[in-house]
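Notes for the one structure printed next.
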Amino acid sequence: MSHHPAAPTGAGRRKPWQRRLAIGAWLFSGLCVLGVLSLVLMIAYELRYPSEEQKKCCWEENVTPDWMAGTMGFQVPETATDRRAGLHTNAQYDVALLASP
């Protein structure tokens, strides 16, 4: 008669508190991923579709094409019939626009 040691009861099975801990960890991880994804999507939407207030914000008034050309080091031809300039200052770097057809 061969005697095999009996496997301890519950071997290979998790204890109830370990199972709850694992489920809680998976749930927490899933919520963190959803939170980060929501934040990224919200920021992408805000950048792609700015509000009217954001579109009009921070454009300097009274910026003339001559001043902008001098600031940028360009010369606007005298034959340009429709000169336009703009200066946006709400960014890390100022954005200057100068157009003349």
Side-chain angles (χ1 to χ4, degrees):
M1 180 163 123
S2 67
H3 187 285
H4 293 12
T9 58
R13 295 182 62 185
R14 288 188 176 163
K15 295 179 182 175
W17 67 270
Q18 289 175 327
R19 171 174 270 164
R20 285 193 294 265
L21 182 65
I23 291 171
W26 277 104
L27 185 62
F28 179 75
S29 298
L31 290 174
C32 287
V33 168
L34 284 176
V36 169
L37 182 62
S38 298
L39 184 64
V40 167
L41 289 174
M42 185 178 68
I43 291 171
Y45 182 82
E46 289 292 323
L47 290 175
R48 184 172 176 127
Y49 302 108
S51 67
E52 287 300 317
E53 183 179 316
Q54 290 171 327
K55 288 179 185 178
K56 294 178 181 178
C57 173
C58 309
W59 285 98
E60 297 293 324
E61 294 184 21
N62 303 323
V63 176
T64 64
D66 291 329
W67 177 84
M68 184 63 68
T71 302
M72 296 173 71
F74 295 119
Q75 183 175 0
V76 178
E78 292 299 322
T79 57
T81 56
D82 186 18
R83 301 176 188 186
R84 298 179 189 204
L87 179 62
H88 191 269
T89 58
N90 191 28
Q92 182 176 1
Y93 302 102
D94 292 346
V95 178
L97 302 174
L98 178 64
S100 63

Just jot down the side chain to side chain contact (heavy atoms under 4.5 Å, CB included) partners of Thr71, sequence neighbours excluded, or say none.
-> Trp67

Please tabulate, for the side chains in residues 38-47, all donor-acceptor contacts under 3.5 angstrom to protein atoms that are two or more places apart in sequence or on a different chain.
from, atom 1, to, atom 2, distance (Å)
Ser38, OG, Leu34, O, 2.8

Who passes side chain to side chain contact (heavy atoms under 4.5 Å, CB included) against Glu52, sequence neighbours left out?
-> Lys55, Lys56

Pairwise salt bridge (charged side-chain N to carboxylate O under 4.0 Å, His left out) hits with a residue in residues 61-75, at least two apart = Asp66-Arg83

